[in-house]
Amino acid sequence: MKLNVNNLEGNELADDYSRQAATGSRWSETWDVFKSNFGKLVLLNVIILITFAPGIAIMVFRSMYIANLGAIYPFNANTGLGYPYYPDVQGLAENIHLTADLLFYSLLVVAGFIASVGLAGGAYSIKKLLNTHGKFTLKSFFHGVKVCYFNTVLPVTIFMVALVGTMILGDWKDYVIAIGQSRHGPLTAYSFAIIASVLVGVYCAWVFVVGVSYKVKLGQVFKNAFVLLIGSPLHTVFFAAFAMLPVWLYLIGTAVSFMKIIAYIVFIFIGFVIMLLVWLSFTQWVLDMYVTPNIQKAQEEAKAALSPKELAAQKEEEDKRTAMELLAAGKSELIGKPIKPITDEQALTPISGSFNRQSLNKVEDEREKLKSDVLSYEKEHMTDPVYAEYNRLFAEREKALKTDKKGKKKKLSSDNLLKK
């Protein structure tokens, strides 16, 4: 079956706002949203950070647990009998990491359920900021959690399972090599696991975007995410790497302590929001490119759901808006009045370098004749259908906005706007 994203048409998830058209380029709009709503974004980042706190605490306890075991295990003990005793500790450190990670990384998957709360609310809030150019309230965050949580926790859990599996496989690879077994198989398996984790992570990021952007069935979410991924592979890789800028700062900080401090500050105040803002802005561009909303179909479906009273009110409002726009534009003399075509016969006699009173009188007579011909042409063709219809239409629109003899406003409709 041919893959497509047509089922996304008219299903945009925007329950508490109406999307506004961008006035500039996408990245200029994103920058404007960032700099003009910096305080809101910092608040949003702090809220997201709170939901990530359990996962951060698990990683801190993991490091403390491994460090404590390293202090009490006999890696280089003395028996107290006058000579050092060196027990067999081959692979012991690697085994400690493996057993500890099996416990703590499993808890990390569970912590992803809590982090998904912040991601769901944060993604919906940032999407609203981008689509409305700055509107954001805490109510929008919790509304985003309500409508986007399931479509967020699912890809987050899938990615966390793949990531945890890869890290545990890395611990197993280290343990196997440490005890002297062949390293080729574990290294190959670990390399493929890293590649698979990256691919799964990028795909889950697209599943996350489609899930928080459109109201579609779960199967269609995965299908459309795959289509959008393979439709923009190079762009996806570039912007995924760009969105991870705070993570790169942290990784650089593992070698340069000063950079780690900067990374911590960035994550506390704006790190999570930067990643979401860049990724959602890029993916919205891709969605706009692939998903061309069928506006007429959406309007017909919306009208079908309205009652007759609501349809009548909507029609009157549309007619009123049309009349006001035309009146505001003003009546065009170029359209409402016949204009005599210019011919060579109507050309005025040019005045040479030397002229007299007789020459000026001749030109003046020709101008008067030309003016008379224009007025005669206008009077002759004023009843032509194109001019008569335009003037009558404009007069009726003006009349529709005036009050009748009883002082009541005339009802606006296409009948009294377009017909006598």
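In this chain, residues are counted from 1 in sequence order. If you're wondering where the values come from, they're calculated on a predicted model, not measured in any experiment.
In this structure a side-chain-to-backbone donor-acceptor pair under 3.5 Å is missing from S213 to V210. Under the 3.5 Å distance criterion, the side-chain polar atoms of S63 are matched with a main-chain donor or acceptor of M59. A donor-acceptor pair is defined here as one N or O able to donate and one able to accept, closer than 3.5 Å; such a pair exists between the side chain of T166 and the backbone of A162. Using modelled atom types, one side-chain atom of Y203 and one backbone atom of F222 make a donor-acceptor pair closer than 3.5 Å. A donor-acceptor pair is defined here as one N or O able to donate and one able to accept, closer than 3.5 Å; no such pair exists between the side chain of D174 and the backbone of E94. With hydrogens and angles ignored, the 3.5 Å screen pairs no side-chain donor or acceptor of N45 with any backbone N or O of L41. Under a 3.5 Å cut-off, the side chain of N151 and the backbone N or O of F208 do not form any donor-acceptor pair. A distance-only check finds a donor-acceptor pair linking the side chain of N37 to the backbone of V33 [under 3.5 Å].
Looking at residues two or more places apart in sequence or on another chain, you find no ring pair (Phe, Tyr, Trp, His ring centres under 6.0 Å) involving F242. Under the salt bridge (Lys or Arg N to Asp or Glu O under 4.0 Å) criterion, K260 pairs with no residue at all, not counting sequence neighbours.
For the pair L13 and C148, the minimum side-chain heavy-atom distance is below 4.5 Å. Residues I66 and H97 form a side-chain contact, since some pair of their non-hydrogen atoms from C-beta on lies under 4.5 Å apart. Put simply, the side chain of D101 reaches to within 4.5 Å of the side chain of R62, judged on heavy atoms. Under the 4.5 Å side-chain criterion, counting only non-hydrogen atoms from C-beta, K40 is not in contact with L43. F113 places none of its side-chain heavy atoms less than 4.5 Å from the side chain of M160.
For F34 and W31, the gap between ring centers is short of 6.0 Å. Ring-centre distance between W279 and F282: below the 6.0 Å cut-off. Remark: aromatic rings of F61 and F104 are distant, center separation not under 6.0 Å.
F272 pairs with exactly one of L49, T51, V46 by the side-chain contact (heavy atoms from CB on, under 4.5 Å) rule, that one being L49.
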For side-chain hydrogen bond (donor to acceptor under 3.5 Å, both in side chains), just list the numbers for W27 and S281, CA-CA rounded to whole Å, side-chain angles, deciding distance to a tenth of an Å, and then say yes or no. CA-CA 8 Å; W27 289 110; S281 182; 5.6 Å; no
